[in-house]
A.B. asks: 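One structure, pasted below without further comment.
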Protein chains: 2
Amino acid sequence: MSPRKSDATRRRLLDAATADFAAHGIAGARVDRIAAAAGVNKAQLYAYFGDKLGLFGAVFRLHADAVVDSVPFTADDLPGYAVRLYDAAVARPELVRLATWAKLEGVATDNLATESSAGAAKLRAIAEAQRAGQVDASIEPRDVLALLIAMALAWSPSGLAAATTPGDAATDHDRRKRALSTAVSGAFRAGAGNPPQG
Amino acid sequence: MSPRKSDATRRRLLDAATADFAAHGIAGARVDRIAAAAGVNKAQLYAYFGDKLGLFGAVFRLHADAVVDSVPFTADDLPGYAVRLYDAAVARPELVRLATWAKLEGVATDNLATESSAGAAKLRAIAEAQRAGQVDASIEPRDVLALLIAMALAWSPSGLAAATTPGDAATDHDRRKRALSTAVSGAFRAGAGNPPQG
DNA sequence: TGCGTAAAACCAACTAGTTAGTTAGAAACG
DNA sequence: CGTTTCTAACTAACTAGTTGGTTTTACGCA
């Protein structure tokens, strides 16, 4: 089909909504504020997206797709994946915030990690890497993935212990990525087993 | 001072507010709903806590104190600490939700992990364990702590990859705790250095 | 090229309900 | 009898969502 004239309007709404939802969450976002920021009438917003939650869903899908596509999973190089995920989270902090808010506010979005088709593929790849002796087989694939993602996002906006800010020096990012790589490498090293307490 | 007569009222407000803030966040919480759930008039709530944010602050401080006190930090047994933190998060999911929401909504609460006096003590303990050769010294203490907490809370309500529900079977918790212990143990093992990519 | 028309895009103003926060006074208490 | 604790009722502002009508666009046709 020919590119619709109003696609630009739709796009501006999505951009404004992304910023507002990321900044304030679903309950905290304001429909009027989004429409004003987009320079679009509120009625248009409702015509396109139905209601506030429909708008959030559209925003969420947009970014979720962009991120799963941009970070290829490599079960035979878990540290590398973690670092790429760290970079992606730094580059697009809105997605992390969006996902965290969606989770806290209990809106149904197919879980961007496990439980999606992409997630299932990751789990299978991990299982295979375990059989190949590249990843500690004493940890179930789903737990490997959960820990891996948690580690990569440790400094993200949803991380409770620390927070990356866009203005962080490059040396901070380098230091964290080295730490992340080292820790991931050790955490899932094959043969580690369950050493301390038998 | 003598125990104030109205401490019970205050307490009921705090309890109701904890539930509501944990469930809906700051923007999503409703003052009327909290007052009704506590069986207390709204004006009382304002007399005690000033405004909505003041109430949130009181709730947050209450739980933050309770949790940092309940999980003793052991730099020479990082896996043990992680498992205890996991248990605490399972037992009191509200605190994790509260902290996550506070962070997302940008309210100033002295960071419950780093940057508090308790956090500084943890960092010092980690540094000492590194000197003693018990913890990988190639990762800075603040990064050790950030990763550690992220791992322990990987399945918590703020974890993007997976979610613990109160109804989870005990075997799930056991499995996760074994995985957590193994991963933490490997992640910070002294001498691991930066093996794969030199 | 110019015209007519139907659909799509747009907008200001409005509604009905909800929200945080206030007030003036009644009840309980020591 | 004065102080503290409590309450019902109120307000002013804000909220998501709607309405009815105007402007712009797409396109067949002469």
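Basis for what follows: all heavy atoms, side chains included, without hydrogens, waters or symmetry-related copies.
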A.B. asks: Please give, in whole Å, the distance from D:dT15 P to A:H24 NE2?
C.D. replies: 11 Å

A.B. asks: Looking at the side chain of A:Q44, which of D:dA16, C:dA9, C:dT22 is the nearest nucleotide?
C.D. replies: C:dA9

A.B. asks: Could you tell me how far apart A:Y46 (OH) and D:dT19 (P) are, to the nearest whole angstrom?
C.D. replies: 13 Å

A.B. asks: Just how far, in rounded Å, is C1' of C:dA20 from CZ of B:F21?
C.D. replies: 12 Å

A.B. asks: Starting at the 5' end of DNA chain D and moving along, which residue's nearest nucleotide shows up first, A:A43 or A:I26?
C.D. replies: A:I26

A.B. asks: Is the shortest side-chain N/O distance from B:T9 to OP1 or OP2 of D:dT5 below 4.0 Å?
C.D. replies: no

A.B. asks: Round to the nearest Å and state the distance from B:D32 atom CG to C:dT22 atom P.
C.D. replies: 14 Å

A.B. asks: Between P on C:dA20 and CZ on B:F49, what's the gap in Å once rounded to a whole number?
C.D. replies: 16 Å

A.B. asks: Hydrophobic clusters here meaning ILVMFWY residues chained together by side-chain heavy-atom distances under 4.5 Å, can you tell me if B:V184 and A:V184 are in one?
C.D. replies: yes

A.B. asks: Is any side-chain N or O of B:K52 under 3.5 Å from a base N or O of C:dG21, one able to act as donor and the other as acceptor?
C.D. replies: no

A.B. asks: Do B:F188 and B:I126 have side chains that approach each other closer than 4.5 Å (heavy atoms only, starting at C-beta)?
C.D. replies: no

A.B. asks: Considering only side-chain heavy atoms of B:Y48, which listed nucleotide, D:dT5, C:dA20, C:dT22, is closest?
C.D. replies: D:dT5

A.B. asks: Rounding to a whole Å, what distance do you find between B:L13:CG and D:dT5:C1'?
C.D. replies: 13 Å

A.B. asks: Any base atoms under 4.0 Å from A:A27, or only sugar-phosphate, or nothing? Heavy atoms, all strands.
C.D. replies: nothing

A.B. asks: Quick one: which of C:dA12, D:dA16, C:dT19 gets closest to the side chain of B:R30?
C.D. replies: C:dT19

A.B. asks: Looking only at heavy atoms, what is the nearest atom pair of B:M151 and B:A183, with distance?
C.D. replies: CE-CB, 3.6 Å

A.B. asks: Please determine which of B:R178, B:R175, B:K177 meets the salt bridge (Lys or Arg N to Asp or Glu O under 4.0 Å) test together with A:D143.
C.D. replies: B:R175

A.B. asks: Identify whether any heavy atom of A:A35 sits under 4.0 Å from a base atom; if not, whether one sits that close to sugar-phosphate; answer base, sugar-phosphate or nothing.
C.D. replies: nothing

A.B. asks: Assess whether one donor atom and one acceptor atom, taken from the side chain of B:D51 and the base of C:dA20, lie less than 3.5 Å apart.
C.D. replies: no

A.B. asks: Tell me: CG of B:L53 to P of C:dT19, nearest whole Å?
C.D. replies: 18 Å

A.B. asks: I'd like to check A:F49 versus A:R10 (side-chain heavy atoms, cut-off strictly below 4.5 Å). Are they in contact?
C.D. replies: yes

A.B. asks: Round to the nearest Å and state the distance from A:K42 atom NZ to D:dT15 atom C1'.
C.D. replies: 8 Å

A.B. asks: Name the closest nucleotide to the B:N41 side chain, picking from D:dT5, D:dT7, D:dT18.
C.D. replies: D:dT7

